[in-house]
Amino acid sequence: MLFLFRLPRMLKLPISSVLRGFFNFTSRRPSHLLYILELGYSVMYNDVDMVWMADPFPYLEGDHDVYFTDDMTAVKPLNHFHDLPPPGKKGRTHICSCMIYMRPTDGAKLVMKKWIEELQDQPWSNVKKSNDQPAFNWALNRTAAQDTSFLFFGTISQVAYKEVFSPSTTGMVDLYLLPQAAFPTGGLYFKNQTWVQETKGLHVIIHNNYITGFEKKIKCFRDFGLWFVDDYAVLE
C-alpha cells in the first residue's frame, strides 16, 4: 500500500509563512503514520529528495519496531552498532526523520504518540522556528532501551539523564539504526568522495539533505549522476 503526500505550493509567500507552512505540514506526519499503524499495516516513509539505488527491504527484516537513519556526517565503521546513538550536546540524538520504517507494534505506535506530544510542546513561532526532527529525536530518546555507559564520559548531565532516560520511559521500544553505508546522509555522501568510493556498491537510499532549494537539489543530483527522472519521464 502506497501513501503519497504533496506539499502545497508556497513559493510566492513570505519566507516566514513558508517555514511555518512547512512545519504545519510536516508536524502532521506522525498523526498520519500512526493512523496507518492503527490499521495494522507496516509503513515506510521517506522524503522526495532521496534516490533509491537498490531494494531497501532486505535491510528492514527482523522484528524491530522502528527503523531509521543517522543524520550525522561522522564516518562509522561498516559493522557499527544498530542501537540508538548517544545524545549530542543538546541532550538528544540527531536521527533523521526523513526515512522511517515501522511495524504495526505497540512500540512503534508509542513513538508516534510521543512524537505528537513533543510537537505540541515545541510549537512553531516567529522567534523559535521549530521543525519536526528534534521532536522525533526526543520521542525516540524517551522510549528507547539505552546503553547508558556513555554517561560516564560526561556527554549528558545527570539531570538530563533522569529526565530523558527515567525508568518509567526506557526499554519500551525496539529501535534499529540502519547501516550508514547503505543509507547515507547527504552531508556525508555529497561531501566525502573518498568515503563514497570506499563504500561503492553498498549505497541503497541516498538522501539529498544538507542543501536547501528545489533547483539546488536537482542540480546536486545531476552533478553526481543521480537524476534519473528525465530517462523515465512520460511525455504527453
Side-chain angles (χ1 to χ4, degrees), residues 1-11 18 22 25-26 28-30 32-33 36 41-62 64 66-80 82 85 93-103 131-133 136-137 140 175-236:
M1 182 171 292
L2 177 64
F3 296 87
L4 298 176
F5 304 98
R6 172 179 286 183
L7 279 171
R9 291 187 176 273
M10 301 179 291
L11 299 180
V18 173
F22 183 76
F25 177 84
T26 59
R28 296 197 297 268
R29 185 181 358 170
H32 292 311
L33 296 176
I36 297 170
Y41 295 107
S42 294
V43 58
M44 181 178 184
Y45 171 91
N46 71 253
D47 280 3
V48 295
D49 61 344
M50 296 183 174
V51 58
W52 289 33
M53 306 298 293
D55 180 5
F57 288 96
Y59 294 86
L60 306 176
E61 295 178 349
H64 308 289
V66 185
Y67 300 69
F68 46 79
T69 63
D70 200 344
D71 208 21
M72 300 299 287
T73 60
V75 174
K76 302 179 187 293
L78 290 178
N79 61 342
H80 66 75
H82 298 284
T93 50
H94 294 278
I95 297 303
C96 186
S97 62
C98 303
M99 204 294 262
I100 309 168
Y101 179 78
M102 293 177 289
R103 302 186 184 284
N131 65 74
D132 67 337
Q133 187 159 300
F136 177 61
N137 277 267
L140 293 174
L175 303 178
Y176 187 82
L177 176 66
L178 290 162
Q180 182 186 54
F183 301 87
T185 186
L188 174 59
Y189 186 89
F190 296 110
K191 301 294 184 181
N192 190 335
Q193 289 306 292
T194 299
W195 178 87
V196 170
Q197 291 303 314
E198 292 173 348
T199 56
K200 187 175 182 179
L202 300 178
H203 313 134
V204 177
I205 295 182
I206 300 167
H207 189 190
N208 194 0
N209 60 342
Y210 279 78
I211 182 173
T212 57
F214 181 75
E215 297 298 335
K216 290 181 180 179
K217 286 179 181 285
I218 292 179
K219 183 180 185 301
C220 183
F221 276 140
R222 290 185 188 277
D223 291 345
F224 284 83
L226 297 173
W227 183 255
F228 307 113
V229 176
D230 296 339
D231 296 334
Y232 296 95
V234 177
L235 300 178
E236 297 182 356

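The figures here come from the full heavy-atom set of this structure, side chains too, leaving out hydrogens, waters and symmetry mates. Residue numbers start at 1 and run along the sequence shown.
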K.L.:
Any side-chain heavy-atom pair from Asn208 and Val51 closer than 4.5 angstrom?
P.N.:
no
K.L.:
Do you know which two heavy atoms are closest between Asp70 and Ile95, and how far apart they sit?
P.N.:
CA-CD1, 4.2 Å
K.L.:
Can you tell me how far the CG atom of Leu226 sits from the CE atom of Met53, to the nearest 0.5 Å?
P.N.:
5.5 Å
K.L.:
Over all heavy atoms of both residues, which pair between Met99 and Met44 is shortest? Give the atoms and the distance, please.
P.N.:
SD-CE, 3.6 Å
K.L.:
Quick one: does Tyr67's side chain get under 4.5 Å of Glu61's, heavy atoms only?
P.N.:
no
K.L.:
Restricting to ring-ring contact (aromatic ring centres under 6.0 Å, His included), what partner residues turn up for Phe183, sequence neighbours left out?
P.N.:
Tyr59
K.L.:
Taking side chain to side chain donor-acceptor pair (under 3.5 Å) as the criterion, tell me which of Gln133, His207, His94 meets it with Asp71.
P.N.:
Gln133
K.L.:
Just how far is it from atom CG of Asn192 to atom OG1 of Thr185, taken to the nearest 0.5 Å?
P.N.:
12.0 Å
K.L.:
Is atom CG of Leu78 surrounded by more than 12 heavy atoms (other residues, nucleotides or ligands) closer than 6.0 Å?
P.N.:
no
K.L.:
Which heavy-atom pair separates Pro56 from Val204 by the least distance, and what is that distance?
P.N.:
CA-CG1, 3.6 Å
K.L.:
Among residues at least two apart in sequence or on other chains, which ones pass ring-ring contact (aromatic ring centres under 6.0 Å, His included) with Phe221?
P.N.:
none
K.L.:
Take Trp52 and Asn46 through the side-chain contact (heavy atoms from CB on, under 4.5 Å) test and state the conclusion after the steps.
P.N.:
CA-CA 10 Å; Trp52 289 33; Asn46 71 253; 3.3 Å; yes
K.L.:
I need the minimum non-hydrogen distance between Leu178 and His82, along with the two atoms involved.
P.N.:
C-ND1, 4.4 Å
K.L.:
Taking side chain as C-beta onward, heavy atoms only, is Leu177 less than 4.5 Å from His80?
P.N.:
yes
K.L.:
Could you tell me the separation between the CZ atom of Phe190 and the CD1 atom of Ile206, rounded to the nearest 0.5 Å?
P.N.:
6.0 Å
K.L.:
Please evaluate residues Leu188 and Val75 with respect to the criterion side-chain contact (heavy atoms from CB on, under 4.5 Å), reporting the C-alpha separation (whole Å), side-chain torsions for both, the decisive distance (0.1 Å), and the verdict.
P.N.:
CA-CA 8 Å; Leu188 174 59; Val75 174; 3.9 Å; yes
K.L.:
Locate the shortest heavy-atom distance separating Gly187 from Tyr210; write the atom from each residue and the value.
P.N.:
N-CD1, 3.3 Å
K.L.:
Hey, could you give me the NZ/CG distance between Lys217 and Asn209, rounded to the nearest 0.5 Å?
P.N.:
6.5 Å
K.L.:
Parallel, tilted or perpendicular, judged at 30° and 60°: which one describes the rings of His64 and Tyr176?
P.N.:
parallel
K.L.:
Minimum heavy-atom separation for Val66 and Ile100, please, with both atom names.
P.N.:
CG1-CG2, 3.9 Å
K.L.:
Please assess Val196 against His203 for the test side-chain contact (heavy atoms from CB on, under 4.5 Å), listing each intermediate value before the final yes or no.
P.N.:
CA-CA 9 Å; Val196 170; His203 313 134; 3.9 Å; yes
K.L.:
Suppose we screen for salt bridge (Lys or Arg N to Asp or Glu O under 4.0 Å). Which residues come up paired with Asp55, at least two apart in sequence or across chains?
P.N.:
none
K.L.:
Give the C-alpha distance, both sets of side-chain angles, the deciding distance and a yes or no for side-chain contact (heavy atoms from CB on, under 4.5 Å) between Met102 and Leu33.
P.N.:
CA-CA 9 Å; Met102 293 177 289; Leu33 296 176; 3.9 Å; yes
K.L.:
Please answer whether the main-chain N or O of Ser97 pairs with a side-chain N or O of Arg29 as donor and acceptor at a distance below 3.5 Å.
P.N.:
yes
K.L.:
Got a second to check how far Cys96's SG is from Phe136's CZ, nearest 0.5 Å?
P.N.:
8.5 Å
